[in-house]
Participant: 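Would you mind keeping the following structure in view while I ask a few things?
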Amino acid sequence: MNYVVVLACLIFNVLHSVQTFDQNIEEEEIRARAFLNNLNKELVEKSNKLVVAEWNFSSNVTEENEQAKAAVAAETAEFHKEQAKELLKFDNNAFKDEDLKRQFKLLSKLEYAVLPADKFKQLKSAISSMESNYAKVHVCSFTNKTKCDLQLEPELTEILKTSKNPEELKYYWEQWYDLAGTPTRKDFDTYLQLNKEAANLNNFTSGAEMWLNYYEDETFEAQLENIFKEIRPLYQQLHAYVRHSLKKTYGEEIVEDGLIPMHLLGNMWAQSWDNIYDDTVPYPSKQSTDVTKEMIAQNYTALKMFKLAEEFYVSLNMSALPQSFWEQSIIEKPTDGRELVCHASAWDFYKNSDVRIKMCTEINGEALATVFHEMGHIYYFLQYEHQPVSYRTGANPGFHEAIGDLFALSASTPKHLQKIGLLKNYQPDNETKINELYRVALDKIAFLPFAYSLDQYRWALFRGEVKSDEYNCKFWQMRETASGIKPPVQRYKEDFDPPAKYHISADVEYLRYVISFILQFQFHKGACTLAGEYDPNNANSALTDCDIYESTKAGNAIKEMLSLGLSKTWPNALEIVTGQRTMSASALIEYFKPLQDWLEKKNKETGAHIGWKSEFECLSKPDAEKPNGP
Ligand code: X8Z
Ligand code: ZN
């Protein structure tokens, strides 16, 4: 009898304490919710203030604006640190509410704010100084050395795109890398040192792990390796075809089994090769879909390009952009002489639907694609603006980069260009299809190894795997292995070229573009299926013929995906448009399959060599070339 009473008491006590525990957690969760609501209101204000200061600096790079930005950044970092301490007072691991847990986890990530105030300031100042240097580079003209006002945008970009004079191209390439890269070396060392300290204080081994953490998947690096193995054969075929074809234009400059000198690829970083389309097009006698000529003939302006992109988004059941967007954006390079960061960007001010683009828009097809790209960021901002601040970002950084490109994949089809009058009397056949696919491949396939090597390089530096005097050698070695390209002139240990790419000077993670260039094809296939523009079960249906314009069904799925922001992990977002929960290159491979078959056949016929021989050497500058040399 006694035993029964004791047992009953025991059970009662256990149940009671479980209940009290549950009650405590519930109460703790209610307190936590209230805390978050308040914090979110404050975060909206703080984020807005920071973005305003950053915008002021980027749109007018002065010492004063840099100081103002630094002050707000320091203040914001302190605020984050204090709030993180408050968050620690909650027992968030015991929370049952998964959403609450997620917000707590995200808000506790301090990134650079984790550093002591003086080091935070030092790190931010090193980055701003690299960014200012990048924005302010002026180069003297090749033909008139007393005219020294040439900038990356528009002059150097235009010359790299159009000139066929190897000496001129070489000259501008060298000027740019000498001025945008090497002078930042000291700041870059500070950056590396403090980035490492911040990563460690955040419990990451290095900045590489801190960046990879955005993707919330332990196996992400390994998945990417596999995807690159899948894409490699297509890249090699494209590389072989381009190198062989460029011989027609440049003769001796090109060696059949060698590296492609990168200044001949139409872009300062050889990241996308679409500007050599005319010189290498598979079927030159067939009409081209290059829209630049037509845009000029039709008196396109920057505003008209932006309105055209907006109209495409609106056709997919999205809203017209707020008036403030048109009033506050900078869509043309200012002519008042101020220095600014021309690299195109989209901005979320966190308040009152204030979203803006800053872009020194030129009137051509490439810029039109960039306008679509930036608009993707803007519509993402607007779709998730109802979310708490910690969720107001992409499902992962690659998602944010992919949306605009997804729209551009449809908008740049001959089918769509005809609809909007940018392509006339087009007669599609198998040859024009190959031409078209080739144009897209020059942009998208050439890009992938470039982008991947950029962050593999930074990971290696962050992880301390490269000796300080080999930073530059390692960069070119990795670019060579990944892309089969080389600088037009010998580069040395004493040069420092990586920051000549904007995202390296500005500390912008680049893997996002790799992920974007894979995901956008996966999204395209999903959206095209929803739009009824593509049938995955019909072998005659092609992803290249799809234009999702005016499809409410595709538009609504995309909107739903965007509206999640970071509130759910990215497989949940991916599933909405694609029905899949894993990242896959199969849509990309399917998209380019007809071109890959064509390239394989063509390269066999012409005997174009596949692959490249290494020419890499890590050299010190001969004394005569050193600034203080004899
Ligand atoms: O930086 C950009 C955008 C702004 S997020 C213009 N892109 C990368 C680059 O220019 O290097 C778009 C594609 C790659
Ligand atoms: Zn972008």
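Keep in mind that what you see is a predicted model, and the values were worked out from it rather than measured. Numbering of ligands and ligand atoms starts at 1, following listing order.
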Participant: Can you check whether Leu511 reaches Tyr215 side chain to side chain, under 4.5 Å on heavy atoms?
Facilitator: yes
Participant: If we ignore angles and hydrogens, is there a donor and acceptor under 3.5 Å between the side chains of Tyr241 and Gln236?
Facilitator: no
Participant: Output yes when Glu209 and Arg463 qualify as a salt bridge under the 4.0 Å nitrogen-oxygen rule, no when they do not.
Facilitator: yes
Participant: Under 4.0 Å between a side-chain nitrogen and a carboxylate oxygen: does that hold for Arg185 and Asp187?
Facilitator: no
Participant: Does ligand 1 have any N/O pairs with the protein under 3.5 Å, and how far apart?
Facilitator:
{"from": "ligand 1", "atom 1": "1 (O)", "to": "His343", "atom 2": "NE2", "distance (Å)": "2.6"}
{"from": "ligand 1", "atom 1": "1 (O)", "to": "His503", "atom 2": "NE2", "distance (Å)": "2.9"}
{"from": "ligand 1", "atom 1": "1 (O)", "to": "Tyr513", "atom 2": "OH", "distance (Å)": "3.2"}
{"from": "ligand 1", "atom 1": "11 (O)", "to": "Gln271", "atom 2": "NE2", "distance (Å)": "3.1"}
{"from": "ligand 1", "atom 1": "11 (O)", "to": "Lys501", "atom 2": "NZ", "distance (Å)": "2.7"}
{"from": "ligand 1", "atom 1": "11 (O)", "to": "Tyr510", "atom 2": "OH", "distance (Å)": "2.5"}

Participant: Do Asn267 and Ser272 have side-chain atoms, one donor and one acceptor, less than 3.5 Å apart?
Facilitator: no
Participant: Are Arg491 and Asp497 ion-paired here, with the side-chain N under 4.0 Å from a carboxylate O?
Facilitator: yes
Participant: Under 2.8 Å from the Zn ion (ligand 2), which protein N/O/S atoms are there?
Facilitator: His373 NE2, His377 NE2, Glu401 OE1
Participant: Consider ring-ring contact (aromatic ring centres under 6.0 Å, His included). Of Trp459, Tyr510, Phe220, Phe462, which one does Trp211 pass it with?
Facilitator: Phe462
Participant: Cut-off 3.5 Å, side chains only: do Gln328 and Ser324 have a donor facing an acceptor?
Facilitator: no
Participant: Can Lys444 and Asp405 be counted as an ion pair, charged N to O under 4.0 angstrom?
Facilitator: yes
